[in-house]
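Here is the naming used below: chain letters follow the sequence lines, and residue numbers restart at 1 for every chain. In this text, all values refer to a predicted model and were calculated from it rather than measured experimentally. Basis for what follows: all heavy atoms, side chains included, without hydrogens, waters or symmetry-related copies.
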There are 2 protein chains.
Amino acid sequence: MALIKLAVLFLAASVCLCSKHKSEKVPKLVNSQYGSLWPLPQSAQISVSAFQLSRSSFQIVHAPKSSAGPRCYLLGEAFRRYFEYTFGYSKRLNKDRKQSGAGTEVSELQVLITSSEPQCDGFPSVSSDESYQLTVDQPTAVLTAPEVWGALRGLETFSQLVYKDEYGTLHINKSEIKDFPRFNHRGILLDSSRHFLPLKVILANLDAMAMNKYNVFHWHIVDDQSFPYQSSLFPELSKEGSYHPYTHVYTPADVKMVIEYARMRGIRVISEFDTPGHTQSWGLGQKGLLTPCYSGEKPSGTFGPVNPILNSTYDFMTQFFKEVSSVFPDAYIHLGGDEVDFSCWKSNPDIQKFMEQQGFGTDYSKLESYYIQRILDIVTGTKKGYMIWQEVFDNGVKLKPDTVVEVWMGNALEEELHNVTSAGYTTILSAPWYLDYISYGQDWQKYYKVEPLSFKGTDAQKKLVIGGEACLWGEFVDATNLTPRLWPRASAVAERLWSHKDVRDTDDAYSRLSQHRCRMVQRGIPAEPLFVGHCDYEYRGL
Amino acid sequence: MALIKLAVLFLAASVCLCSKHKSEKVPKLVNSQYGSLWPLPQSAQISVSAFQLSRSSFQIVHAPKSSAGPRCYLLGEAFRRYFEYTFGYSKRLNKDRKQSGAGTEVSELQVLITSSEPQCDGFPSVSSDESYQLTVDQPTAVLTAPEVWGALRGLETFSQLVYKDEYGTLHINKSEIKDFPRFNHRGILLDSSRHFLPLKVILANLDAMAMNKYNVFHWHIVDDQSFPYQSSLFPELSKEGSYHPYTHVYTPADVKMVIEYARMRGIRVISEFDTPGHTQSWGLGQKGLLTPCYSGEKPSGTFGPVNPILNSTYDFMTQFFKEVSSVFPDAYIHLGGDEVDFSCWKSNPDIQKFMEQQGFGTDYSKLESYYIQRILDIVTGTKKGYMIWQEVFDNGVKLKPDTVVEVWMGNALEEELHNVTSAGYTTILSAPWYLDYISYGQDWQKYYKVEPLSFKGTDAQKKLVIGGEACLWGEFVDATNLTPRLWPRASAVAERLWSHKDVRDTDDAYSRLSQHRCRMVQRGIPAEPLFVGHCDYEYRGL
């Protein structure tokens, strides 16, 4: 292991902490021995020997013994993508250029898939194998992975090892990387209801996710504010519930494209259809679904959560989730279940009567659990697993053993993780990573310093924490500002979820992340700056 | 005055104040009688009668009696620009379409400049007349203004009065607008040193400024971190002091383009060359300019503020500011003078000796004042006025009567305004409007609620407050995120500085501003959302 000669990206290190330009403590920019690698691999040995790469001769190919071949389009597309990332998009007329002498060049990256089922046409899952091994030597570098998912991660790492010298020549050092993720669930939540997110924005963020080795797109697709999901069975939902039925919806073709684009990058798409709260927009296209609220003895004309006492509700949900379960191939659906407001239920005499009949007394959380229980049974009938927000667990609803509980409340966080895992449920953590909350300065450090397993519990309990999610709720973001607000702040979370738990040096991280964010910018992602400085190639958009 | 039928832009009004999606109090979206006007004119009478506008026949022309004619390129360009804003960029083949009947259409906007010196080829100044009067009637609307500067403001207002109905037809209501700014100095500070801002970003923000009737671009062009200004006399300054001498500099041609682009929009460009502090980058290309710091009895190798005891310093500054004063046509240069750190001066034995000779004792603020006084004299010799940050006034430096003191310190703000105006100096306010400080939620309201004249003082004192500036310091912004971070937050400041002091209804403002931000988005400015909702035309970039 030795210092990489990295002249790729320079960042000014001078720091003004004066009152006009106040800033919290800023990490030092060191020259990390790991160059611009992000997230840091589990093991990386990087030698001082450097080789060149030539745009005209370098190729990424299937290794002869690979179980994946030319018909593995997922890899073929990835080879193209990473070639472009590495060599840029400009055409250079250097086909005839003399190759440099033997022993100084890496001319080939061979990708070797070892499993008999490479997963070229499969979908990633929580148990996908993302491990890989990368040996960079001349004339051939070899990337070995059991499945294509690990190969995708290794291609990103390979591209991050390449750097340009001051003459524009590309180099890569002799290296040996062995890598795998610390957590299997590494997600980004985007909210396409509070603001509609054009397809272009979603796809660009899937690109950025792949650059950061994220593997779950948690698509909070509908909510109170709008219902952009175009259902085939219930087209009225988006016709009435979206901001606009033509310009502000996701058609079945759009959804398919998102899923396929994500799959090609090893990213699962977990859709969230949150009920019984957060459903105002559902009510516009599905009459009778929501609870009519009462003002005294008369309906007030407003509506509350989904009406849990009608058979028609469950008939609708059965059909709806049957469609959803076939549209979204992932094994899990997120069913929400958070923040149910009881006031409307309380006002409604029919609900009151039902509560009495069921012996719920005045405990409306029992009614909530009654509803959720039936929804979970419906979704179980579709052969899907489910994820839910923590309230569903907190309220004591009976859950399937494979349920994933998402912990989002910041108060009593460690206690909650303890409780959920004590009960034997897998869990993911999003509480510390609500990236919609912004503040002045380098808040990436705060996200970076979180240790997901700091709660008290047995090893078996800790194994139940399968990952986490960075959430960018949509109140204040849309196509104009989402991408720079998410990146590179979500990159901090990415390293926490991928790398070894002892990777916590903020100076080293700052140095690598600064370069990583400039790399994202160069690849067309408007990732915002961490602090003063510059990128060799500044963003070309607005 | 009556309600405009505005179907242009719809925003969802449902509000979730639950804990997961916490938000401060959100204003109500009302249907403002002023539609989408922003900033609100001093007087606007809008009738219920609406006329149509036709893309194929509508024209903006010089009124027959106007003192400006076809050779007034500033107006010609503005006519083109506002035609495009109004009718969009798509080509429609409707040349042969039948015109609608008499009495229902505005087919012409006549622009009448009344002053004998219309200022077509001039530069805007602090005393430019930006008043205008707009009469919208059929078949001809008339925009009257003494000078082109008012015409530019009136064209923006005209374009804001036009709205589309659900069939895509453009309408404008019979209206009578009389308008002028409350304050003459309405500025935006951008910082191109902490991050380099590509020309494209600066030009786009000049467009956005014009949409908000801003009239000063305060260009904080150099600072400690980098020196992107390419000087003709001292090319080493940017060669050594910029992030990169080819890709991260403003050439003389770039600077000219910024100034001309701004002039065409009625915007002054006031350059800031801040000394003696904030000058680390100057030292790289001008040896001997900065004070050598000492560690004990030896120079430490680091440098402090500009060296105030050498004749060579003043020779350099004389030449440098002579160049600057000819490159930037505005009557004012901003000379900075803020946040001088005395520790390096204190360490230097030559400075100590000089202090003794001058009888300054150990009061280094006297040395600072000595330096500033000489710089002010130098700039006075170039026939320019100067602006300075408040410390220069606070330290008792002798100032020319026409000096503009910029108040940026938030503590004792009203006292400072009282003191500066008591001493008879004009002042501008930036303290409440440091937009680089961000927080979760609707901070535009905070900026909006500021009342610049709330300090204690006579009417004469209050008249000395000529305006304010929204400052976006560059520590955490570059091309990736500057524009959505600035807009529409700076729009709130724009209305405070333009409109009548009693325009303070946040519900009405929220309604107009939501539509105004969607209009900016449609014109290509990625202005971020104020809260949940949508624009008919979402941003098409990333």
Side-chain angles (χ1 to χ4, degrees), chain A residues 10 12 14 16 18-21 23 194-196 198 200-201 204 223-226 243-244 247-248 277-278 280 338-339 341 408-409 436-441 473-481 483-485 521 524-542, chain B residues 10 12 14 16 18-21 23 194-196 198 200-201 204 223-226 243-244 247-248 277-278 280 338-339 341 408-409 436-441 473-481 483-485 521 524-542:
Chain A
F10 168 77
S14 64
C16 172
C18 34
S19 63
K20 196 172 198 165
H21 303 281
S23 177
R194 291 179 177 88
H195 287 97
F196 179 77
K200 182 178 177 179
V201 172
D223 204 298
D224 282 330
Q225 286 79 7
S226 75
Y243 286 129
H244 191 283
T247 57
H248 288 67
H278 290 282
Q280 288 294 304
D338 57 321
E339 301 183 314
D341 180 357
W408 66 270
M409 289 178 171
D436 48 322
Y437 295 131
I438 55 170
S439 58
Y440 184 74
W473 294 102
E475 277 84 351
F476 296 100
V477 291
D478 68 3
T480 61
N481 63 345
T483 310
R485 188 160 293 184
V521 168
I525 304 296
E528 68 179 19
L530 294 165
F531 195 50
V532 298
H534 80 291
C535 298
D536 281 349
Y537 304 91
E538 302 289 355
Y539 187 58
R540 287 164 181 278
L542 265 190
Chain B
F10 168 78
S14 63
C16 173
C18 33
S19 62
K20 195 171 198 164
H21 304 281
S23 177
R194 291 179 177 88
H195 287 96
F196 179 76
K200 183 178 176 179
V201 172
D223 205 297
D224 282 330
Q225 286 79 6
S226 75
Y243 286 130
H244 191 284
T247 58
H248 288 67
H278 291 282
Q280 288 294 304
D338 57 323
E339 300 183 315
D341 180 358
W408 67 272
M409 289 178 172
D436 48 323
Y437 294 133
I438 55 170
S439 59
Y440 185 73
W473 294 101
E475 277 84 351
F476 296 100
V477 291
D478 69 2
T480 62
N481 64 346
T483 311
R485 188 160 294 184
V521 168
I525 304 295
E528 69 179 19
L530 294 165
F531 195 49
V532 299
H534 80 290
C535 299
D536 280 350
Y537 303 91
E538 302 289 354
Y539 187 58
R540 286 165 183 277
L542 267 190

Task: Minimal non-hydrogen separation, A:L542 against B:T483, with atom names - done: CD2-OG1, 4.2 Å

- [ ] Heavy atoms only: give me the nearest A:P529-B:H195 pair and the separation to one decimal.
- [x] CB-NE2, 3.2 Å

Open item on the list: Can you classify the ring geometry of B:Y243 versus A:H534 as parallel (below 30°), tilted (30 to 60°) or perpendicular (above 60°)?
Closed with: parallel

Open item on the list: Contact between B:E538 and A:H248 at the side-chain level, heavy atoms closer than 4.5 Å - yes or no?
Closed with: yes

Open item on the list: Tell me every residue that passes side-chain hydrogen bond (donor to acceptor under 3.5 Å, both in side chains) with B:E528, counting only those two or more places apart in sequence or in another chain.
Closed with: A:N481, A:R485

Open item on the list: Holding to ring pair (Phe, Tyr, Trp, His ring centres under 6.0 Å), I want the full list of residues that pass it with B:Y539, two or more places apart in sequence or in another chain.
Closed with: none

Open item on the list: With a 4.5 angstrom heavy-atom cut-off, is it the side chain or the backbone of A:V521 that approaches chain B, or both, or neither?
Closed with: side chain

